[in-house]
Engineer: 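For reference, the structure I am asking about is given below.
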Amino acid sequence: MGRAMTRADYDVVVSGGGIAGMVAAASFGALGFRVLIVDPAPPVTDGSDPAADRRSTAFLQPARDTLDQAGAWARLADHGTALQIMRLADASGPEGSIRAIADFDAAELGPNPFGWNFPNWLLRRELSAHLEAFENVDYRPGVGTLRVVTRTQQALVDLDDGTGVTARLLIAADGRESPVRQMLGIAADRWSYDQRALVFTVSHPRPHDNVSTELHRSGGPFTLVPLPNPTDSAVVWMESSDKAAALMAQDDPEFAAAATERSCAVQGDLTVTSPRAVWPIISQRARSLTGERTVLIAEAAHVMPPIGAQGLNMSLADIRCLRDLAHADPNSLGDAAMLATYARRRHPDINLRMAGVDALNRAAIAGSDAWTALRMRGMQTLHGVTPLRRTAMRLGLGAGRLTG
């Protein structure tokens with residue numbers, strides 16, 4: 001018989017080193033827990049690298065609290081671009097002209113913007129450096145999770161570098177295809193919209209003035225999100241799969257012209273400044289948020305279309321809930337009662353937001369005159385009635401309160 005593997009002991013093992021996984025590791029590290037975070041792919045942290053993630057992430061106000069508690073906000077704050085106004089535009093007029101605009105201004109709710117936008121590659125750079133500064137966080141990029149066996153008191157995790165570890169709590173932050181979720185036999189329900197999201201960055205002659213603009217037309221929204229340079233924006237362009245494939249096949253000048261037309265030239269002629277990437281649009285929900293000594297967060301638990309900056313901010317709400325439970329009773333870390341409380345608290349919010357984003361996306365896809373008219377009337381009503389407008393803004397932030 002071979003000698004049993006010697007296993008290093010941790011309080012928390014995070015499987016998955018994306019943005020959510022790194023924030024989770026920092027959150028538990030800041031509480032003093034012994035943390036291991038692994039991910040098979042080291043993050044690309046150089047914005048000039050062709051492999052850099054060109055997407056951007058908008059952290060809404062409640063997410064700032066989570067990042068602050070993790071000790072990361074001070075490192076990130078100077079790199080973010082404030083999102084002061086969220087502008088919705090109905091662009092279903094003749095030849096794609098804008099028929100109605102609704103501006104939602106964070107100044108109505110308090111002194112802070114709705115949130116702050118960051119390039120993903122920069123987030124990975126700063127969060128990686130933040131994790132390296134923790135003495136109680138073992139950060140191992142380039143190492144993946146090979147096998148998981150759970151017991152009442154701990155999870156046994158085998159890594160693909162030949163080592164094994166134990167954890168009181170295993171956090172699956174390993175994406176929509178989550179190997180950990182599959183190892184535990186937790187099924188996920190998925191539905192597709194036959195859509196793709198084209199993601200790229202642009203420059204434009206008119207400054208964005210910290211306005212995030214979402215233009216709605218059949219096929220899906222076209223969103224311009226401010227970047228640090230006032231004449232640069234990140235774009236998420238949602239279209240049918242067939243049209244997205246045709247757009248990706250265009251050369252750069254033709255594609256830039258198409259993007260300018262789809263944006264209704266609200267910022268002037270667009271110049272594409274990055275490689276284009278394309279992502280399938282799905283919604284997906286795990287049938288359970290927990291397993292023995294294991295919890296699912298972020299896209300391992302829920303995936304939704306990129307509308308209203310809800311995706312990653314819901315992921316940070318997962319982390320915030322877990323962190324609060326662990327902070328309130330450190331001895332309960334990973335036990336059945338803690339995980340049941342996490343699931344009970346997170347299920348209603350996840351279900352509500354997924355249903356809302358699904359409805360918004362289906363309304364955006366719909367091309368009929370009736371749907372288009374209903375969408376515009378709904379937008380005008382929501383914006384025109386002050387209590388409704390402010391309630392919608394608070395709900396969109398993902399919390400019933402705002403930070404000062």
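In this chain, residues are counted from 1 in sequence order.
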Engineer: Any side-chain donor paired with an acceptor under 3.5 Å for T231 and N229?
Structural biologist: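 Per modelled atom types, T231 and N229 side chains form a pair under 3.5 Å.
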
Engineer: Whether R285 engages the ring of W191 as a cation-pi pair (distance to the six-membered ring centre under 6.0 angstrom, angle to the ring normal within 45°) should be assessed.
Structural biologist: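 Geometry flag: not set, cation outside 6.0 Å or 45°.
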
Engineer: Please give me the minimum heavy-atom distance between A258 and Q250, naming the atom from each residue.
Structural biologist: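 In this case the closest contact between A258 and Q250 is CB-OE1, 3.8 Å.
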
Engineer: Could you check whether R64 pairs with D68 (Lys NZ or Arg NE/NH1/NH2 to Asp/Glu carboxylate O, under 4.0 Å)?
Structural biologist: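 Judged by the 4.0 Å cut-off on N to carboxylate O distance, R64 and D68 do not form a salt bridge.
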
Engineer: Whether the S283 and Y193 side chains hold a donor-acceptor pair (N or O, under 3.5 Å, no angle test) is what I'd like checked.
Structural biologist: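 Yes - a donor-acceptor pair under 3.5 Å links their side chains.
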
Engineer: Less than 4.5 Å apart, any side-chain heavy atom of S212 and any of P226?
Structural biologist: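 The answer is yes, as the side chains (C-beta and beyond) meet within the 4.5 Å cut-off.
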
Engineer: Can you tell me how far CZ of R345 sits from CZ of R320, rounded to the nearest 0.5 angstrom?
Structural biologist: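 Separation between the atoms: 12.5 Å.
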
Engineer: So V38 and V14, do their side chains get closer than 4.5 Å, heavy atoms only?
Structural biologist: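 When only atoms from C-beta onward are counted, V38 and V14 do not touch, as no gap falls below 4.5 Å.
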
Engineer: Determine whether the side chains of R293 and T150 contain a donor N or O and an acceptor N or O closer than 3.5 Å.
Structural biologist: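 Side-chain D/A pair, R293 to T150: absent.
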
Engineer: Using a strict threshold of under 4.0 Å (side-chain N to carboxylate O), is an ion pair present between R346 and D318?
Structural biologist: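 Yes, this pair counts.
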
Engineer: Can you tell me if T166 and R7 form a side-chain donor-acceptor pair at under 3.5 Å?
Structural biologist: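 Note: T166 and R7 side chains miss the donor-acceptor criterion.
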
Engineer: Which is it for D160 and R140 under the salt bridge (Lys or Arg N to Asp or Glu O under 4.0 Å) test, yes or no, and what are the steps along the way?
Structural biologist: CA-CA 11 Å; D160 63 11; R140 299 192 206 172; over 6 Å; no

Engineer: With a 3.5 Å cut-off and no angle check, do the side chains of D232 and H208 form a donor-acceptor pair?
Structural biologist: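 There is no such pair (donor and acceptor under 3.5 Å, judged by atom type) between the side chains of D232 and H208.
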
Engineer: One thing to verify: whether R362 and D358 come together as a salt bridge, which I'm taking to mean a side-chain N less than 4.0 angstrom from a carboxylate O.
Structural biologist: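 Yes, D358 and R362 are salt-bridged.
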
Engineer: For atom NE2 of H347, decide whether the heavy atoms of other residues, nucleotides or ligands shown that lie under 6.0 angstrom number more than 12.
Structural biologist: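 Atom NE2 in H347 is crowded, with more than 12 foreign heavy atoms closer than 6.0 Å.
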
Engineer: Would you check if the distance from the ring center of Y139 to the ring center of F134 is below 6.0 Å?
Structural biologist: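 No, ring centres 6.0 Å or more apart.
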
Engineer: Looking at the rings of F255 and W237, which for Trp means the six-membered one, are their centres under 6.0 Å apart?
Structural biologist: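 Judged by ring-centre distance (under 6.0 Å), F255 and W237 do meet the cut-off.
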
